[in-house]
Student: 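Sharing a structure here in C-alpha cells format.
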Protein chains: 2
Amino acid sequence: MLKQEVPLDRVFHALGDPSRRLMVERLSRGPASVSELARPLAMTLAGVVQHLQVLEASGLVRSEKVGRVRTCRIDPAALTRAEQWITERRSTWERRLDRLGDFLAEPSETTDPNHSNSNS
Amino acid sequence: MLKQEVPLDRVFHALGDPSRRLMVERLSRGPASVSELARPLAMTLAGVVQHLQVLEASGLVRSEKVGRVRTCRIDPAALTRAEQWITERRSTWERRLDRLGDFLAEPSETTDPNHSNSNS
DNA sequence: GCCATACTCAAGTACATGCTTAAGCAAGAG
DNA sequence: CTCTTGCTTAAGCATGTACTTGAGTATGGC
C-alpha cells in the first residue's frame, strides 16, 4: 500500500485559493493538460505551474508527462480526507446539540459537578 | 438581510492552519473562552486572538463578550459550505468514472480499422 | 481601593505566497 | 531543417501571514 498521508494543512491550504479551486473543478470533470488548466486563468503559464505544484504537494492532483504534454488528474483520496475532517467536526457538534436537547427536555437535574443536587 | 456568504477562500484558508483547526476541534465539543482556546497552543494570547479573528472572518466561529470573558462557538454553516464544495467535486468525478465504465463495458466499434473519429 | 484576570490593540519582524519576466529546452508539425 | 507549442526553471518583488513584545483597558474577587 502506498501510504502518503499528506498533512491536512496542505490540503486545506491548497483549496484556499480560487485559482487552485478552479483547477480542481476543471479536473473533477476529467484530466487536462497544464495549458488547458491555464486557459481560464488570467495569469502566465509559469504562475499556473506553481499552483499546480501546490496542488501536487497537497496530494489533490497527480500528473505525468507524455511527450511534451503534462496531463493532470484529480486524486480524490486527499479530497475525501478533508471532507472527513469536516464531517467529523460537524457530527461532534451535532451530537452535542442532541445531548443538550435531551438535557433541556428533562425535568431539571444538573450535571454541574460544583452544584449540589438538592433533590432526593 | 442576513446574507453573509463569506467566500470559500476564507473558509479553506482558515482551516489550512493547524492551530486554527485545533481551535475548531475544541469548539465542536462546545463553546469556550479565548484563554481556554489558548491553553493547548504554544503561543501568546495575542497570537490566539489573531487566529480567532481569521476564524470569525471566515464565518466558522462567532463570539460574544460577556463581562471580561469572550465566549466563542462554532457556526456550522460555513463548515457545511466547505463540505458541500468538496462533495460536489467528488461526485462530479465519480459520475465521470461511471460514464467511463459504461463506455468501456459497451461492445466497441473503435477497434474497427475503418473507424473514423473526427476530433478537431 | 487593590490586584489578578481576561482580553485588546499597535507595532515590529521573519518568512511564506502569488505573482511576474526572461531564458531555456525538448517534442512535434510542416 | 525551422518554427511553434508546451512546458520548465530561476530570479525578483510586492503583499500577506504568523507570530512576537509591550502597552493599555475593563471586570470582578477580596
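Throughout, protein chains are lettered first and strands after them, A, B, ... in sequence-line order, and every chain is numbered starting at 1. Treat the numbers as computed from the prediction; the structure is a model and nothing was measured.
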Student: With rounding to the nearest 0.5 angstrom, report the CG to SG distance, B:L60 to B:C72.
Tutor: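 One gets 12.5 Å once the value is rounded to the nearest 0.5 Å.
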Student: Working to the nearest 0.5 angstrom, can you tell me the gap between B:R68 CZ and B:S35 OG?
Tutor: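 Going from CZ on B:R68 over to OG on B:S35, the span is 9.5 Å.
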Student: A:R20 side chain to A:H13 main-chain N or O, any donor-acceptor pair under 3.5 Å?
Tutor: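 Here the side-chain-to-backbone pair exists.
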Student: Pull out every residue in residues 9-18 of chain B that has a heavy atom closer than 4.0 Å to any atom of DNA chain D, ordered by number, or say none.
Tutor: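 Contacting residues: B:H13, B:D17.
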Student: How far apart are the C-alpha atoms of B:T71 and B:V66, what are their side-chain angles, what is the distance that settles it, and do they pass the side chain to side chain contact (heavy atoms under 4.5 Å, CB included) test?
Tutor: CA-CA 8 Å; B:T71 302; B:V66 175; 5.7 Å; no
Student: Quantified as the angle between the terminal helix axes (five pairs each), what is the overall bend of the helix from C:dG1-D:dC30 to C:dG30-D:dC1 to 10 degrees?
Tutor: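 Taking five pairs per end, the axes differ by 30°.
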Student: Can you tell me how far the CG atom of A:D9 sits from the CG atom of B:L15, to the nearest 0.5 Å?
Tutor: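 One finds 10.5 Å between CG of A:D9 and CG of B:L15.
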Student: Calculate, to the nearest 0.5 Å, the distance between atoms CZ and CZ belonging to A:R95 and A:R90 respectively.
Tutor: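 Spacing of CZ (A:R95) from CZ (A:R90) equals 12.0 Å.
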Student: Answer yes or no: is there an ion pair linking A:E25 with A:R21, defined by an N-O contact shorter than 4.0 Å?
Tutor: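 A salt bridge is absent here (no side-chain N lies under 4.0 Å from a carboxylate O).
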Student: Reckon A:S33 has a side-chain N or O less than 4.0 Å from the OP1 or OP2 of D:dC7?
Tutor: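 For A:S33, the contact criterion (side-chain N or O under 4.0 Å from OP1 or OP2 of D:dC7) is met.
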Student: Mind checking the CD-OG1 spacing from B:E83 to B:T87? Nearest 0.5 Å is all I need.
Tutor: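 Going from CD on B:E83 over to OG1 on B:T87, the span is 5.5 Å.
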Student: How would you give the extent of chain B contacts on DNA chain C, as first and last nucleotide 5' to 3' within a 4.0 Å heavy-atom cut-off?
Tutor: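 Result: C:dA4 to C:dC9.
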Student: Round to a whole Å and report the spacing from CG of B:L55 to P of D:dT17.
Tutor: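 Rounded to whole Å, this separation is 13 Å.
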Student: Does NZ or CZ of B:R89 fall inside the cone over B:W85's six-membered ring, less than 6.0 Å from its centre and within 45° of the axis?
Tutor: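 B:R89 over B:W85 ring: yes.
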Student: Would B:V61 end up clustered with B:V49 when hydrophobic side chains under 4.5 Å apart are linked, directly or stepwise?
Tutor: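 Hydrophobic grouping puts B:V61 with B:V49.
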Student: Any idea which heavy atoms bring A:P31 and A:R73 closest together, and the distance?
Tutor: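 For A:P31 versus A:R73, the nearest heavy atoms are CG-NH1, 3.4 Å.
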Student: Going hydrophobic residue to hydrophobic residue with side-chain gaps under 4.5 angstrom, can you get from B:F12 over to A:L52?
Tutor: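 Linked within one cluster.
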Student: Looking at DNA chain C, which of residues 35-48 of chain B put a heavy atom within less than 4.0 Å of it?
Tutor: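 Under 4.0 Å from DNA chain C: B:S35, B:L45, B:A46.
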Student: Under the salt bridge (Lys or Arg N to Asp or Glu O under 4.0 Å) rule, what pairs show up with a residue in residues 47-64 of chain A, not counting sequence neighbours?
Tutor: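 Salt bridge (Lys or Arg N to Asp or Glu O under 4.0 Å) check on residues 47-64 of chain A returns A:R62-A:D75.
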Student: Scan nucleotides 24-30 of chain D nucleotide by nucleotide, 5' to 3', and note B when protein non-hydrogen atoms come under 4.0 Å of the base, S if they reach only the sugar-phosphate, - if neither.
Tutor: ---BS--
Student: Minimum heavy-atom separation for B:A57 and B:R10, please, with both atom names.
Tutor: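 That closest heavy-atom pairing would be O-CD, 3.7 Å.
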Student: Same hydrophobic cluster for A:V34 and A:V69, using side-chain heavy-atom links shorter than 4.5 Å among ILVMFWY?
Tutor: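 No, separate clusters.
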